[in-house]
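Comments concern the structure below.
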Number of protein chains: 2
Amino acid sequence: MANDNKVWNQNDAIPSLVQSKRQLERYGLDVDAQAILVATRLLAAGTKLGHASEVHFARFGLSTGRYRVLVELEDNEGEALPSQLAENLGVTRATMTGLIDTLERDGLVSRRTSAQDGRQRSVVLTEEGAKKLQAMAPEHFARLEAMVGLLSIEERGVFLDLLGRVTQGISALTDETIEPDKPAGELQRKKRSSKE
Amino acid sequence: MANDNKVWNQNDAIPSLVQSKRQLERYGLDVDAQAILVATRLLAAGTKLGHASEVHFARFGLSTGRYRVLVELEDNEGEALPSQLAENLGVTRATMTGLIDTLERDGLVSRRTSAQDGRQRSVVLTEEGAKKLQAMAPEHFARLEAMVGLLSIEERGVFLDLLGRVTQGISALTDETIEPDKPAGELQRKKRSSKE
DNA sequence: TGAATATAGTATGGCACCTAACTAATTTTG
DNA sequence: CAAAATTAGTTAGGTGCCATACTATATTCA
């Protein structure tokens, strides 16, 4: 009987290094266990983040996606095309239709047919929508700030750097083929200098 | 050809410091823009991670949740109760029912009624389920390793530390009330209150 | 013992997001 | 020009996960 204390009654299961090692041994894989641990923790954090984000925005009657639409509109003088919004937010146009539907139903945006191109129906931030953003801003940003409150200023900078590279690495999960990454133990990772 | 799909190429989805500053100015808030930047990038990364994870596991005919169920079963000598699984994975029992339904339909697990307690229906990892894990392991772990491949060994350690604290901070989004600022002390209670 | 309560699992309905197929309007081209 | 191709947005249907409420089986206790 495995007596490893797997009795973490935390809300979410935080994967341990022991677990990673055991898995790798079980399958006889020569992969760095710490790398797997980092990746696994990252996935867990991502799940938790997504959920927390929805809970957060639900407090204001919004969802993560709908909030982002409002902000994008505000950053665009209050008007934009659905396809623009979809592009900028990284969702499909179909998803954008749904987001706009709900926002319109709630009176936060309105649709307006274009005179130039009859296919276009641009989206306009209503006054109520702008007020909503204004009203939620203090709490919203205070919570965001609190989220990283356990990091010092310097640590935030470091984290930003590391997170940036990890975010790039996420594509390793979605790429068609596995990157010609070196089998465990090799240090020849190429730093692709991404200009920023 | 329609390369219109696959829109999650992190194009404009990465928020910039300028954006954060502009937002804070717009609302006249005295909040550290870098903190907001870190938080916002984190949220974006979380969204991307969640999606990438689903894409990854879909390659093996699984979802993130269903994969975790299989692993949890394997870590438990191939058998566990739905409520255990739900607890350990941090999902509701209702969600677990759905996960098991699909896994059972695909022949990766089977349900078995308990003799001791008629309410319990324990879940058993089938041989096919074990084979599935075995078969996907090489690619799965290779991709996970590649995901953090842009970090050096030392950087992974640092990232793990920072990520841990940030993960704790996520609760700032979901907490009932806003807490001013949590002290950086990491006095977490490690007591096991497993006994109810 | 029998009613009240607790527990295990499930059904139902909801939201966010996706892909694929569709409608309507515009542009291209033969 | 009209037919074909492209484009903008929408509809339809599917997945993953959740919350709430329900059924069936123990357990408690008066």
Side-chain angles (χ1 to χ4, degrees), chain A residues 11-12 43 46-58 61-69 80-87 89-106 111-123 174, chain B residues 1-8 13 43 46-59 61-69 80-87 89-106 109 111-123 174 196:
Chain A
N11 42 9
D12 278 342
L43 287 178
T47 300
K48 193 175 175 184
L49 259 175
H51 185 238
S53 181
E54 293 304 333
V55 169
H56 170 65
F57 287 113
L62 294 175
S63 69
T64 305
R66 295 204 297 277
Y67 172 77
R68 293 182 65 205
V69 170
L81 297 174
S83 48
Q84 276 179 1
L85 294 169
E87 167 90 9
L89 267 60
V91 302
T92 63
R93 294 196 301 277
T95 296
M96 188 51 60
T97 295
L99 295 176
I100 296 171
D101 280 347
T102 305
L103 287 171
E104 187 176 38
R105 181 193 40 125
D106 293 347
R111 279 190 246 236
R112 173 162 76 187
T113 57
S114 165
Q116 281 87 7
D117 192 326
R119 293 169 300 183
Q120 298 180 342
R121 304 189 64 196
S122 77
V123 182
T174 56
Chain B
M1 33 201 84
N3 61 352
D4 200 3
N5 297 343
K6 300 173 170 55
V7 279
W8 52 88
L43 287 177
T47 300
K48 191 176 174 182
L49 260 175
H51 187 229
S53 181
E54 293 305 332
V55 170
H56 170 66
F57 287 113
R59 215 179 272 115
L62 294 175
S63 69
T64 305
R66 295 203 298 276
Y67 172 77
R68 294 182 63 203
V69 170
L81 297 175
S83 49
Q84 275 179 1
L85 294 168
E87 166 93 7
L89 267 60
V91 302
T92 62
R93 293 197 306 275
T95 296
M96 187 51 60
T97 295
L99 295 176
I100 296 169
D101 281 347
T102 306
L103 287 171
E104 186 177 38
R105 183 195 38 134
D106 294 347
V109 308
R111 278 190 248 235
R112 173 162 77 186
T113 58
S114 166
Q116 278 85 8
D117 192 327
R119 294 169 299 182
Q120 298 180 344
R121 303 190 62 195
S122 77
V123 182
T174 55
E196 303 81 11

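Each chain gets a letter, A, B and so on, in the order the sequences are listed, and its residues count up from 1.
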Heavy atoms only, 4.0 Å cut-off, all strands: where does A:Ser63 land among base, sugar-phosphate and nothing? sugar-phosphate
Which atom names give the shortest non-hydrogen contact between B:Val69 and B:Met96, and what distance separates them? CG2-SD, 3.8 Å
Show each protein N/O and nucleotides 2-8 of chain C N/O combination with a separation under 3.5 Å, one pair to a line.
{"unit_1": "C:dT7", "atom_1": "O2", "unit_2": "B:Arg119", "atom_2": "NH1", "d": "2.9"}

Roughly how many Å is it from CZ in A:Phe57 to C1' in C:dC15, rounded to a whole number? 16 Å
Heavy-atom distance under 4.5 Å between the side chains of A:Leu99 and A:Leu85, does that happen here? no
Output the single nucleotide from C:dC17, C:dC18, C:dA11 whose closest atom is nearest the side chain of B:Ala94. C:dA11
May I have the distance from B:Met96 (atom CE) to C:dA11 (atom P), rounded to whole angstrom? 15 Å
For B:Thr95, the side-chain hydrogen bond (donor to acceptor under 3.5 Å, both in side chains) test, sequence neighbours excluded, returns B:Thr92
With sequence neighbours left out, write down each residue that passes side-chain contact (heavy atoms from CB on, under 4.5 Å) with B:Thr47, or none if nothing qualifies. none
Expressed in angstrom and rounded to an integer, what is the separation of A:Glu54 atom CD from C:dG14 atom C1'? 13 Å
Minimum heavy-atom separation for B:Pro82 to B:Ser122, with atom names? CD-CA, 4.3 Å
First of B:Asp101 and A:Thr64 reached from the 5' end of DNA chain C, by closest nucleotide: B:Asp101
Taking salt bridge (Lys or Arg N to Asp or Glu O under 4.0 Å) as the test, write out the residues that go with B:Arg93, two or more places apart. none
Determine the minimum heavy-atom distance between B:Gly65 and B:Leu89, stating which atoms define it. O-CD2, 4.0 Å
Answer with base, sugar-phosphate or nothing: what part of the nucleic acid does B:Thr95 contact at a heavy-atom distance below 4.0 Å? base
Counted 5' to 3', the first and last nucleotides of DNA chain D within 4.0 Å (strictly under) of a heavy-atom of chain B are D:dG16 to D:dA26
To the nearest angstrom, the CD1-C1' distance between B:Ile100 and C:dA11 comes to 15 Å
Salt bridge (Lys or Arg N to Asp or Glu O under 4.0 Å) partners for A:Asp106, two or more places apart: none
Within the supplied structure, the quantity of interest is the number of heavy atoms (other residues, nucleotides, ligands) at a distance under 6.0 Å from B:Arg111 CZ; does it exceed 12? yes
